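The structure appears right after this line, and notes come after that.
Bear in mind the structure is a predicted one, so any value in this text is a computation, not a measurement. All values below were derived from every heavy atom in this structure, side-chain atoms included, with hydrogens, water molecules and symmetry-related copies excluded.
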Amino acid sequence: ADKNIELSTLAERVRPLDWGAHLPTQFDAVLGNPPYLKEAGHRVVFEDLKASRSSSYYSAKMDLWYAFSCQAVDLLRPGGRHGFIVQNNWGTAQSARSLRSKFRRETRLIECFDFHDLQVFERAGIQTMIYVLVKEEVTRPYSMTYSRVVTQDASPNRLQRVLHTPHPKDVHTHLCEIDPRAGGAILTFVSRETQLILAHLQAQAAFNIHRHEVGQGIIGGPDKAFLFPVDGSFTPDESRLLFPHYTNAQPFDVGDSDRLIAYLTPETLNQLDPNRFPHFSEQLSRFRERLENRRETKSGRIKWFHLHWPRRSDLFEPGPKLVCPTRVSQPSFAYTEKAFYASRAINMVVCHRIDLRFLAGVLNSSLIHYWLVNQGKRLGRMLQIDTAFLLDIPIARATHSTTQGIENTIIQVVDELERWLEQHPESRGTQMHTDKVRAAKNTLDPLVYRLYQMSAKQIRAIQFALSPEQN
């Protein structure tokens with residue numbers, strides 16, 4: 001192709017996802033490295049997809065390679081094999097639901113090799129895996145081989161050794177069960193032993209957080225237009241609409257706010273009067289062009305000086321709540337009763353059906369960490385605790401007087417830790433703070449294991465799985 005031809009023009013002549021229109025032959029094998037593209041910033045490419053014969057494979061927030069994988073399956077003859085090197089998060093990505101459903105319905109997965117932190121592509125900072133499958137309709141659960149690189153050494157030399165060394169010691173391999181009846185449900189590639197532990201946890205579930213009890217933090221669009229220094233000078237009208245803004249939290253600790261957010265919504269401010277709101281007017285005016293170009297502003301739903309997505313105010317107002325950062329290396333749930341106006345990187349839980357201090361103790365435990373590692377979404381070594389995964393966490397409750405005592409003890413441990421942290425804000429970032437939180441977790445873990453009726457063997461498996469050399 002001529003390098004000077006625009007991609008959109010070239011696509012009018014050759015649509016790679018309309019292959020069947022030009023070459024209907026079925027293949028014995030389809031291999032490759034498909035393009036990794038999100039719709040944001042690549043609108044024309046996705047418009048081509050929606051206009052092609054593969055339009056049924058389009059879904060919101062998808063990656064373009066999902067459509068290439070589906071097309072590859074379509075191009076196979078029965079018994080043909082297909083393999084791609086792709087991003088390794090397709091098993092849990094919500095946008096890959098249709099892809100997982102097609103794989104389960106029309107193929108048998110043979111093997112997946114997950115490179116994890118080992119970067120295969122020099123210029124692409126993404127984690128990848130290779131999958132291989134055969135086109136075959138399967139009706140019963142079967143086993144697939146899953147291998148994962150576990151190493152702290154992510155150098156190019158390490159990659160070569162992994163690829164060319166028979167049975168390298170830092171590649172862990174196990175069989176995992178694939179259920180073709182599961183449709184688009186998440187696929188976590190866990191071992192049989194892990195599946196049994198997860199099934200045990202699910203069987204202990206007596207409580208789940210409900211969707212209406214969770215809300216994402218605020219999106220300003222851009223945030224910086226609405227953020228002000230805590231030591232600024234403001235008019236009384238401005239002060240009434242300024243609240244502490246938070247962008248993160250640690251296990252059991254909401255930390256300190258170093259900025260204020262102007263909570264400007266159609267309900268809190270109808271007109272931006274420069275005389276009553278001089279500091280707001282001056283700062284927001286610098287971002288006016290961007291603010292007026294937002295979709296919600298153009299539609300007339302909000303005015304240009306309003307937050308793009310203010311969410312529900314009750315999520316942030318004073319009162320019992322759980323703070324849940326969404327991208328963390330370990331569960332980092334914190335209980336607070338103070339005003340906490342969170343950024344988009346945090347989910348808030350306001351639930352009146354359970355003591356949230358008890359919930360904080362359970363959710364920060366090693367047991368739930370294990371659940372999230374194996375049943376949740378991961379971005380490399382980080383957990384991505386989106387709302388859907390938060391709602392799925394199985395919460396055990398007391399079933400008789402013995403376990404009722406466990407619940408009360410968990411609440412007491414969390415309450416004492418929260419009060420200590422509040423009384424010693426100067427400890428944040430120090431070893432004393434780290435030791436205090438670790439001691440509380442060491443007290444909570446055995447209580448949570450007892451609450452879920454875990455056996456000694458199961459506990460050892462969980463502790464081994466969460467050890468640094470395994471992650």
Worksheet item: Sub-3.5 Å donor-acceptor pair from the side chain of T188 to the main-chain atoms of Q375, do we have one?
Response: no
Worksheet item: Closest approach of D253 and A334, non-hydrogen atoms and distance?
Response: N-CB, 3.4 Å
Discussion item. Please evaluate residues F207 and C351 with respect to the criterion side-chain contact (heavy atoms from CB on, under 4.5 Å), reporting the C-alpha separation (whole Å), side-chain torsions for both, the decisive distance (0.1 Å), and the verdict.
Written reply: CA-CA 12 Å; F207 182 90; C351 175; 3.9 Å; yes
Discussion item. For F389 and I186: C-alpha separation, side-chain torsions, deciding distance, then whether side-chain contact (heavy atoms from CB on, under 4.5 Å) applies.
Written reply: CA-CA 10 Å; F389 296 100; I186 65 170; 4.1 Å; yes
Worksheet item: Is Q127 close to D117 at the side-chain level, that is, under 4.5 Å between some pair of heavy atoms?
Response: yes
Discussion item. Taking NZ in K61 as the centre, count heavy atoms belonging to other residues, nucleotides or ligands within less than 6.0 Å. Is the count above 12?
Written reply: no
Item to complete: Answer yes or no: are there more than 12 heavy-atom neighbours, outside R327 itself, under 6.0 Å from its atom CZ?
Response: no
Discussion item. Strictly distance-based, threshold 3.5 Å: is any side-chain N or O of R81 a donor or acceptor partner for the main-chain N or O of L31?
Written reply: no
Fill in: Check against side-chain contact (heavy atoms from CB on, under 4.5 Å), D74 and E106
CA-CA 9 Å; D74 291 340; E106 301 180 28; 4.1 Å; yes
Discussion item. Please report the interatomic distance CG(L175) to OG(S191), rounded to the nearest 0.5 Å.
Written reply: 9.5 Å
Fill in: Reported CG-to-CZ distance for the pair N208 and R353, which is rounded to 0.5 angstrom
8.5 Å
Discussion item. Any non-hydrogen side-chain atom of L372 less than 4.5 Å from a side-chain atom of I385?
Written reply: yes
Fill in: side chain to side chain contact (heavy atoms under 4.5 Å, CB included), paired with L383, selected from S329, P331, P325
P331
Worksheet item: Residues in ring-ring contact (aromatic ring centres under 6.0 Å, His included) with Y58, at least two apart?
Response: none
Practice prompt. List the steps, then state whether side-chain hydrogen bond (donor to acceptor under 3.5 Å, both in side chains) holds for D386 with Q384.
Written response: CA-CA 6 Å; D386 296 328; Q384 181 71 30; 2.9 Å; yes
Worksheet item: When you check the gap from the basic side-chain N to the acidic O, do R419 and D415 get nearer than 4.0 Å?
Response: yes
Worksheet item: Is there a donor-acceptor contact under 3.5 Å from the side chain of R438 to the main chain of K441?
Response: no
Fill in: Rounded distance [0.5 Å steps], CD in E213 versus NZ in K321
14.5 Å
Discussion item. Looking at E422, I want to see if its CD is surrounded by more than 12 non-hydrogen atoms of other residues, nucleotides or ligands under 6.0 Å.
Written reply: no
Worksheet entry | Nearest-0.5 Å distance that lies between atom CZ in R460 and atom OG in S455 | 7.5 Å
Worksheet item: Are side-chain heavy atoms of M144 and F189 found at a separation under 4.5 Å?
Response: yes
Discussion item. Between F84 and W90 (judged by ring centroids, cut-off 6.0 Å), do the two rings come close enough to count as a pair?
Written reply: no
Worksheet item: Just checking, any donor-acceptor pair under 3.5 angstrom between side chains of T268 and T265?
Response: yes
Worksheet item: Parallel under 30°, tilted from 30 to 60°, perpendicular over 60°: which one fits the rings of Y246 and F340?
Response: parallel
Practice prompt. Taking the side chain as every heavy atom from C-beta outward, state whether T326 and I346 have any atom pair closer than 4.5 Å.
Written response: no
Response to the item:
Rounding to 0.5 Å, atoms CG (L451) and CG (L444) come to a distance of 11.5 Å
Worksheet item: Got a donor-acceptor contact below 3.5 angstrom from the S101 side chain to the S98 backbone?
Response: no
Item to complete: Evaluate the side-chain contact (heavy atoms from CB on, under 4.5 Å) criterion for residues V414 and F358: first the C-alpha distance (whole Å), next the side-chain angles of each, then the deciding distance (0.1 Å), finally the verdict.
Response: CA-CA 7 Å; V414 172; F358 164 72; over 6 Å; no
Worksheet item: Taking the inter-plane angle between the rings of F103 and H82 on a 0 to 90° scale, is it parallel (under 30°), tilted (30 to 60°) or perpendicular (over 60°)?
Response: perpendicular
Worksheet item: Looking at R104 and G183, what are the two nearest heavy atoms and their distance?
Response: NH1-O, 2.6 Å
Worksheet item: If you count the non-hydrogen atoms of other residues, nucleotides and ligands that lie under 6.0 Å from CZ in R43, is the total more than 12?
Response: no
Worksheet item: Once you round to the nearest 0.5 Å, how far does NZ of K102 lie from SG of C70?
Response: 5.5 Å
Worksheet item: How about R397: does its CZ atom have over 12 heavy atoms from other parts shown lying under 6.0 Å from it?
Response: yes
Worksheet item: So, do I411 and T409 sit near enough that their side-chain heavy atoms are less than 4.5 Å apart?
Response: no
Fill in: H172 ring center near Y146 ring center (under 6.0 Å)
no
Practice prompt. Mark yes or no for whether R344, through its side chain, and D223, through its backbone, hold a donor-acceptor pair below 3.5 Å.
Written response: no
Practice prompt. For A342 and F316, work out which heavy atoms get closest and say how close.
Written response: N-CD2, 3.8 Å
Discussion item. Given 3.5 Å as the limit, does a donor-acceptor pair link the side chain of R100 with the main chain of A93, or not?
Written reply: yes
Worksheet item: Is a side-chain donor or acceptor of H308 paired with a backbone partner of R295 at a separation under 3.5 angstrom?
Response: no
Fill in: Contact summary for R301 and E296, nearest pair of heavy atoms
NE-OE1, 2.5 Å
Worksheet item: Is there a side-chain contact between E317 and Y341, using heavy atoms and a 4.5 Å cut-off?
Response: yes
Response to the item:
Nearest heavy-atom approach of L109 to Y142 is N-OH, 2.8 Å
Fill in: Shortest non-hydrogen contact from P394 toward A205
CB-CB, 3.5 Å
Worksheet entry | Result of checking I393, I395, N364 against L359 for side chain to side chain contact (heavy atoms under 4.5 Å, CB included) | I395
Worksheet item: How about R259 and H245: does a side-chain donor come under 3.5 Å of a side-chain acceptor?
Response: no
Worksheet item: Okay, side chain of S365, backbone of G361: is any donor-acceptor separation there less than 3.5 Å?
Response: no
Worksheet item: In terms of side-chain heavy atoms, does Y131 have a donor or acceptor partner in S69 at a distance below 3.5 Å?
Response: yes
Worksheet item: Counting N and O atoms only, with roles assigned by atom type, does the side chain of S147 sit under 3.5 Å from a partner on the main chain of F113, one being a donor and the other an acceptor?
Response: no
Discussion item. Donor-acceptor pair, distance only, cut-off 3.5 Å: does the side chain of R148 make one with the backbone of D114?
Written reply: no
Discussion item. Contact between Y36 and D63 at the side-chain level, heavy atoms closer than 4.5 Å - yes or no?
Written reply: yes
Discussion item. Just to verify, what does W371 make a side-chain hydrogen bond (donor to acceptor under 3.5 Å, both in side chains) with, not counting sequence neighbours?
Written reply: none
Discussion item. Any non-hydrogen side-chain atom of H42 less than 4.5 Å from a side-chain atom of L64?
Written reply: no
Discussion item. Tell me whether the count of non-hydrogen atoms from other residues, nucleotides or ligands lying under 6.0 Å of NZ in K436 goes above 12.
Written reply: no
Worksheet item: Should the heavy atoms of other residues, nucleotides or ligands under 6.0 Å from CD of E137 be counted, would the total exceed 12?
Response: no
